[in-house]
Participant: 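The following block contains the structure, expressed as structure tokens.
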Amino acid sequence: MSALILILVGAASGVTTALFGFGGGFVAVPVLVWADAALGGDAPRVAVATSSVLMVIAAAVATASTSRAVLAELRGSARLLILLALGGAAGAVAARHVPGDVIAVGFVAYLLLTIVSVTVRRGFLQAGDDGARPIRPGAGLPIGAVAAFLGVGGSVLTVPLMRRNGHRMAVATALANPLTLAVALPATAIFLLLSGGRPAGAGTGFVGAVDIRAAVALLVGSLPVIVLLRRRGPRLSDRAHARWYVGLLVAVTAAMAATLFR
């Protein structure tokens with residue numbers, strides 16, 4: 001039954017990855033904390049490590065399914081991508097040395113701050129009219145570090161930033177996938193190589209702190225949905241797209257908070 005639930009959650013994650021630029025970490029972390037709750041305090045660490053693997057695969061598939069015209073907006077972003085990767089590696093190393101409960105609380109706290117920011121500050125629910133601007137390369141290091149440390153995925157940081165820089169939601173969410181890939185690749189390598197072995201009490205199916213069986217179940221549900229929606233997704237108005245994004249932020253925050261404080 002848990003495998004079926006993970007597949008269904010994977011399908012939902014595929015929808016959010018394709019339409020909103022997040023899924024592998026953002027949606028999966030609360031579910032993985034629940035799935036590996038028997039590991040106690042190690043469950044959040046396992047969730048973050050496993051979500052990094054999901055982010056790599058899901059973001060790669062979503063990027064490959066994105067039109068070249070949209071991806072062309074990342075031309076000249078080599079410095080940004082490099083700094084995102086360095087930040088992702090640093091965040092993954094930090095996560096290895098911090099108790100899982102701290103990561104989980106930080107996850108919820110960051111999402112709450114993001115919800116307040118995107119609803120109170122101008123520039124998200126309705127994009128500006130002064131044209132789209134690229135993300136400054138210097139932002140790559142902190143974005144990558146926070147994303148990898150908390151397991152939230154780069155999109156929860158990059159989409160609001162690109163939105164305030166004048167991008168339409170359709171473009172911001174599409175570009176979030178290659179930016180997330182830059183963060184997740186080094187973070188995944190760190191988690192696989194330096195995770196310190198399987199958590200105490202873990203059964204078979206773990207590679208370091210990565211729950212391979214849970215990852216496979218989530219990917220079985222998500223990948224077909226990502227490909228389908230990136231090619232034939234529904235048309236949403238820019239404002240509706242932004243509002244749905246905020247709604248999903250609220251839903252995931254509530255799910256993670258319920259898991260923490262049950």
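Just so you know, residue 1 is the first one in the sequence shown, and it goes up from there.
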Participant: Is there a donor-acceptor pair under 3.5 Å between the side chain of T50 and the backbone N or O of A47?
Facilitator: no
Participant: Following the transitive rule for hydrophobic clusters with a side-chain heavy-atom cut-off under 4.5 Å over Ile, Leu, Val, Met, Phe, Trp and Tyr, establish whether V105 and V46 coincide in one cluster.
Facilitator: no
Participant: Could you check whether S237 and R243, counting side-chain N and O atoms only, form a donor-acceptor pair closer than 3.5 Å?
Facilitator: no
Participant: Distance check, rounded to the nearest 0.5 Å: S117 atom OG versus L249 atom CG?
Facilitator: 10.5 Å
Participant: Indicate yes or no for a side-chain donor-acceptor contact from T188 to the backbone of A184 under 3.5 Å, with no hydrogens or angles considered.
Facilitator: yes
Participant: Same cluster or not: are L181 and I190 linked, directly or through other Ile, Leu, Val, Met, Phe, Trp or Tyr residues, by side-chain heavy atoms under 4.5 angstrom apart?
Facilitator: no
Participant: Flag the pair Y110 / T114 as yes when at least one side-chain heavy-atom distance between them is below 4.5 Å, and no otherwise.
Facilitator: yes
Participant: Using modelled atom types only, decide if a donor and an acceptor are shared between the side chain of T173 and the backbone of F20 within a distance under 3.5 Å.
Facilitator: no
Participant: Atom OG in S222, atom CD1 in I57: separation rounded to 0.5 Å?
Facilitator: 8.5 Å
Participant: According to a 4.5 Å side-chain heavy-atom criterion applied to Ile, Leu, Val, Met, Phe, Trp and Tyr, with indirect links allowed, do V171 and L80 form part of one hydrophobic cluster?
Facilitator: yes
Participant: Show the nearest heavy-atom pair for residues F107 and L150, with the distance to one decimal.
Facilitator: CD1-O, 3.3 Å
Participant: Among T158, L84, L74, find the residue that satisfies the side-chain contact (heavy atoms from CB on, under 4.5 Å) test when tested with I135.
Facilitator: T158
Participant: Counting only N and O atoms by type, is there a donor-acceptor contact under 3.5 Å from the side chain of R164 to the main-chain atoms of G123?
Facilitator: no
Participant: OH of Y245 to CG of L236: how many Å apart, nearest 0.5 Å?
Facilitator: 14.5 Å
Participant: Going from CD1 on I226 to OG on S13, what distance comes out if it is rounded to the nearest 0.5 angstrom?
Facilitator: 6.5 Å
Participant: Closest approach of V61 and L223, non-hydrogen atoms and distance?
Facilitator: CG2-CD2, 3.8 Å
Participant: With a 4.5 Å heavy-atom cut-off, do W244 and L19 have their side chains touching?
Facilitator: no
Participant: Does the side chain of M169 reach to within under 4.5 Å of the side chain of R239, using non-hydrogen atoms?
Facilitator: no
Participant: Is there a side-chain contact between L81 and L179 in this structure, where contact means two heavy atoms from C-beta onward sitting under 4.5 Å apart?
Facilitator: yes
Participant: Restricting to non-hydrogen atoms, name the atom on A148 and the atom on A92 that form the minimum distance, rounded to 0.1 Å.
Facilitator: CB-N, 3.8 Å
Participant: Distance check, rounded to the nearest 0.5 Å: L157 atom CG versus I143 atom CD1?
Facilitator: 6.0 Å
Participant: Which heavy atom of A95 sits nearest a heavy atom of I103, and at what distance?
Facilitator: O-CD1, 3.8 Å
Participant: Is the closest basic N to carboxylate O distance between R163 and D238 below 4.0 Å?
Facilitator: yes
Participant: Could you check if a side-chain atom of T253 sits within less than 4.5 angstrom of a side-chain atom of V108, using non-hydrogen atoms only?
Facilitator: yes
Participant: Within the 4.5 Å heavy-atom criterion, are L228 and V225 side-chain neighbours or not?
Facilitator: no
Participant: Tell me, do L32 and L218 make a side-chain contact under 4.5 Å, heavy atoms counted?
Facilitator: yes
Participant: Tell me whether D36 contacts the main-chain N or O of L39 through its side chain, where contact means a donor paired with an acceptor under 3.5 Å.
Facilitator: no
Participant: Step by step, would you call T16 with L248 a side-chain contact (heavy atoms from CB on, under 4.5 Å)?
Facilitator: CA-CA 9 Å; T16 61; L248 286 169; 4.0 Å; yes
Participant: Less than 4.5 Å apart, any side-chain heavy atom of V102 and any of P99?
Facilitator: yes
Participant: Rounded to the nearest 0.5 Å, what's the gap from CZ on R133 to CZ on R136? Could you check?
Facilitator: 8.5 Å
Participant: Indicate the atoms forming the closest heavy-atom contact of V118 with V246, along with that distance.
Facilitator: CG2-CG2, 3.8 Å
Participant: When you group the ILVMFWY residues by side-chain heavy-atom contacts below 4.5 Å and let the links chain together, are L161 and L71 in the same group?
Facilitator: no
Participant: Taking all non-hydrogen atoms of both residues into account, name the closest pair between H167 and A172 and its distance.
Facilitator: CB-CB, 4.2 Å
Participant: Following the transitive rule for hydrophobic clusters with a side-chain heavy-atom cut-off under 4.5 Å over Ile, Leu, Val, Met, Phe, Trp and Tyr, establish whether I115 and F124 coincide in one cluster.
Facilitator: yes
